[in-house]
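Read through the structure below, which is laid out as C-alpha cells, and then see the notes.
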Amino acid sequence: MTTGYTVDQLRKAAADAVRAPSLHNTQPWRFRLVDGGIELAVDPRRRLPASDPSGWGTRIACGAALCNLRLALATAGTPATVRLRPYPGDPDVVARLVPDVPRRPTPAEQSLHRAIARRFSNRAPFWPDPVPADARWRLVEAARAEQCWLELVIGTTAVNAFAEIARSAHRVLERDSAYVTERTRWIRSEPSPDGVPAAAGGPQSEPQDLLPQRGFGGRNRAPGRDFEPEPLVAVLGSTGNTATDQIVAGQALQRVLLTATDAGLAVSMLSQPIEVPGAREALRLSLGRFGTPQMVMRIGYGQPGRTTPRRPVDAVLDLPVVR
Ligand SMILES: Cc1cc2nc3c(=O)[nH]c(=O)nc-3n(C[C@H](O)[C@H](O)[C@H](O)COP(=O)(O)O)c2cc1C
C-alpha cells in the first residue's frame, strides 16, 4: 500500500489510543497526520514535573497509546510499520506509523483490540482466588511478544520482600510536598475528562495493608473488607532504559493489561518502586534479572468497575500538518 492514512483512519485509531492508561490520567499525547503517516507525540503541557521529572511516565503512557494505535489500525485491515522516535531533532515525536501491506487481522489482534474499551485500573480488593497457570503464562508471553519481560513475584517471602521495597518508596515520595500537591491537583471529585475520579481511587489505605496505595482520595472501607492476603504481583521490565526502551515497555505494558482484561482479570498499577531510583535498583536486584523494571502490577479477580473518562478525540488531534 503506497497511499497514506486518511484523517478518518487517524481519528478512529486515536479514539482507541486515548483509552491507554497514563500517570494520574494526564493523557500526555497528541496525534497528527504528516505526509500520510500517523504521528504520536508527547504533549509537553501535560508533563508532571514533580511526579515524573525524567519523563519516564509520559513515555510509558505514550507507548501504551501506541500499542492501541497499532491494534486499531491492524484490526481495520490497515496495519502499520512503526518507527520509534523517528526525528532525532524532535524527541517528543514518539512514533511514526505508515501503512504496511494490508492483511486480515489475527485472532489475537482482534481479542486484544476488543479489550481496549473494557480495560480499567481496578484499585479495589480482589477475590482471594489464585490466577491460574495458563493465564499467568499468557501474561508472560504478552510481555515477551513486545520485547520485554514479566516476572511474577511468587510466594509469601518474595511478596513480603517486594512489599517492603514498595512501602519504603511510597514513604520517600509522600515526604515530597511538590509530589503530593501535584497528585492532589489531578484528583477529581466532579465529572472531568481527565484526572483520577475519586470514586476510581480505591478504598482508603489502612495500616494492615501489604501494598501501598497511591492516595487518590478513595472511599472509606467497609469493616473487614481487606485486600487479598497474597496478591499476584508482576514486574514488567525492559532490556535497557533509554527513552526508546521506555516506549517499548509502554507497549508491552498495554499488551499485558489487554491480555489480562481478555482473560477476565483485574489489574492495578503500582509505580512507586519504579519512581524512586534506589527502590528500582533494589527491586531489580531482588528479581535477579538483567534490564530495568518499568512497572509493577497487582493482578487478580476483581469486582466489576468502571472505565475512567478521556478527553474527546478531537482535543488530541493536530490537523492538518504540512512538513
Ligand atoms: C506510568 C504510569 C504509572 C502509574 N502509577 C500508578 C500508581 O502508582 N498507582 C495507581 O493506582 N495507578 C497508577 N497508574 C494508573 C493510572 O492512574 C491510570 O491509568 C489512569 O488514572 C487512567 O485510569 P484507567 O487505567 O482506569 O484507564 C499508572 C499509570 C501509568 C501509565
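Nothing here was measured: the structure is a model prediction, and the numbers come from that model. We're numbering straight along the sequence, starting at 1.
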State whether the number of non-hydrogen atoms from other residues, nucleotides or ligands found under 6.0 Å of Arg306 atom CZ is greater than 12.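 Count not over threshold, so no.
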Residues, nucleotides or ligands: over 12 heavy atoms within 6.0 Å of Gln208 CD: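 Enclosed: over 12 neighbouring heavy atoms sit under 6.0 Å from CD of Gln208.
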Report yes if the side chains of [X] and [Y] come closer than 4.5 Å at any heavy-atom pair, otherwise no.
X      : Y      : result
Arg280 : Pro277 : no
Pro293 : Glu151 : no
Leu210 : Asn160 : yes
Ser286 : Ile165 : yes
Tyr87  : Glu39  : yes
Arg167 : Arg171 : yes
Leu97  : Leu69  : yes
Val180 : Leu173 : no

Considering all heavy atoms of both residues, which atom of [X] and which atom of [Y] are nearest to each other, and what is their separation?
X      : Y      : value
Thr259 : Ala142 : OG1-CB, 3.4 Å
Leu236 : Ala143 : CD1-CB, 3.8 Å
Pro21  : Gln254 : CD-OE1, 3.2 Å
Val248 : Cys148 : CG1-SG, 4.0 Å
Ala243 : Arg85  : CB-CZ, 3.4 Å
Leu257 : Val267 : CD2-CG1, 3.6 Å

Out of the candidates Arg32, Arg46, Arg59, Arg47, only one should pair with Asp92 under the salt bridge (charged side-chain N to carboxylate O under 4.0 Å, His left out) rule; please name it.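 Among Arg32, Arg46, Arg59, Arg47, the one that satisfies the salt bridge (charged side-chain N to carboxylate O under 4.0 Å, His left out) with Asp92 is Arg47.
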Mind checking what makes side chain to side chain contact (heavy atoms under 4.5 Å, CB included) contact with [X], not counting sequence neighbours?
X      : value
Arg188 : Trp186, Ser192, Asp194
Ala20  : Trp29, Ala64, Ala65, Asn68
His170 : Glu174, Pro212, Gln272
Thr181 : Arg185

Within one Ile-Leu-Val-Met-Phe-Trp-Tyr cluster: [X] and [Y], side-chain cutoff 4.5 Å:
X      : Y      : value
Met269 : Leu139 : yes
Phe216 : Leu48  : no
Ile60  : Val235 : yes
Leu33  : Val316 : yes
Ile247 : Val98  : no

Could you tell me whether the side chain of [X] and the main chain of [Y] form a donor-acceptor pair under 3.5 Å?
X      : Y      : result
Gln27  : Arg311 : yes
Arg255 : Ala145 : no
Thr242 : Asp245 : yes
Thr78  : Ala74  : no
Arg119 : Arg19  : yes
Arg83  : Ala95  : no
Asn25  : Gly195 : yes
Asp209 : Leu211 : no
Ser271 : Met295 : no

To the nearest 0.5 angstrom, please state how far the [atom1] atom of [X] sits from the [atom2] atom of [Y].
X      : Y      : atom1 : atom2 : answer
Thr26  : Asp52  : OG1   : CG    : 8.0 Å
Tyr5   : Leu10  : OH    : CG    : 10.5 Å
Leu84  : Arg96  : CG    : CZ    : 13.5 Å
Asn122 : Thr261 : CG    : OG1   : 10.0 Å

Do the side chains of [X] and [Y] get close enough for a salt bridge, i.e. N-O under 4.0 angstrom?
X      : Y      : answer
Arg138 : Asp262 : yes
Lys12  : Asp8   : yes
Glu275 : Arg214 : yes
Glu146 : Arg70  : yes

Passing option when Met297 is tested against Leu265, Leu232, Leu253 for side chain to side chain contact (heavy atoms under 4.5 Å, CB included):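 Only one of Leu265, Leu232, Leu253 forms a side chain to side chain contact (heavy atoms under 4.5 Å, CB included) with Met297, namely Leu253.
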side-chain hydrogen bond (donor to acceptor under 3.5 Å, both in side chains) against Ser51, all qualifying residues, sequence neighbours excluded: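 For Ser51 the side-chain hydrogen bond (donor to acceptor under 3.5 Å, both in side chains) partners, ignoring immediate neighbours, are Glu182.
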Return the set of residues passing side-chain hydrogen bond (donor to acceptor under 3.5 Å, both in side chains) with Ser268 (not counting sequence neighbours), or none when no residue passes.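 Scan of Ser268 (side-chain hydrogen bond (donor to acceptor under 3.5 Å, both in side chains), adjacent residues dropped) gives Arg298.
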Within 45° cone of Trp149 ring axis and under 6.0 Å: Arg289 NZ or CZ: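 Yes, Arg289 sits over the ring of Trp149.
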Donor + acceptor pair across side chains of [X], [Y] (<3.5 Å):
X      : Y      : result
Thr156 : Glu230 : yes
Arg104 : Thr106 : no
Gln294 : Ser238 : yes

Trace of the side chain to side chain contact (heavy atoms under 4.5 Å, CB included) decision for Gln246 with Asn241: CA-CA 6 Å; Gln246 293 171 358; Asn241 194 27; 2.9 Å; yes
Passes side chain to side chain contact (heavy atoms under 4.5 Å, CB included), Glu228 versus Tyr301? Steps please. CA-CA 10 Å; Glu228 61 282 7; Tyr301 289 99; over 6 Å; no
Determine, stepwise, if the pair Leu258 / Arg118 fulfils side chain to side chain contact (heavy atoms under 4.5 Å, CB included). CA-CA 9 Å; Leu258 295 177; Arg118 301 198 313 268; over 6 Å; no
For the pair Asp16 and Leu71, evaluate side chain to side chain contact (heavy atoms under 4.5 Å, CB included) and give the outcome as yes or no after the intermediate values. CA-CA 9 Å; Asp16 282 330; Leu71 286 170; over 6 Å; no
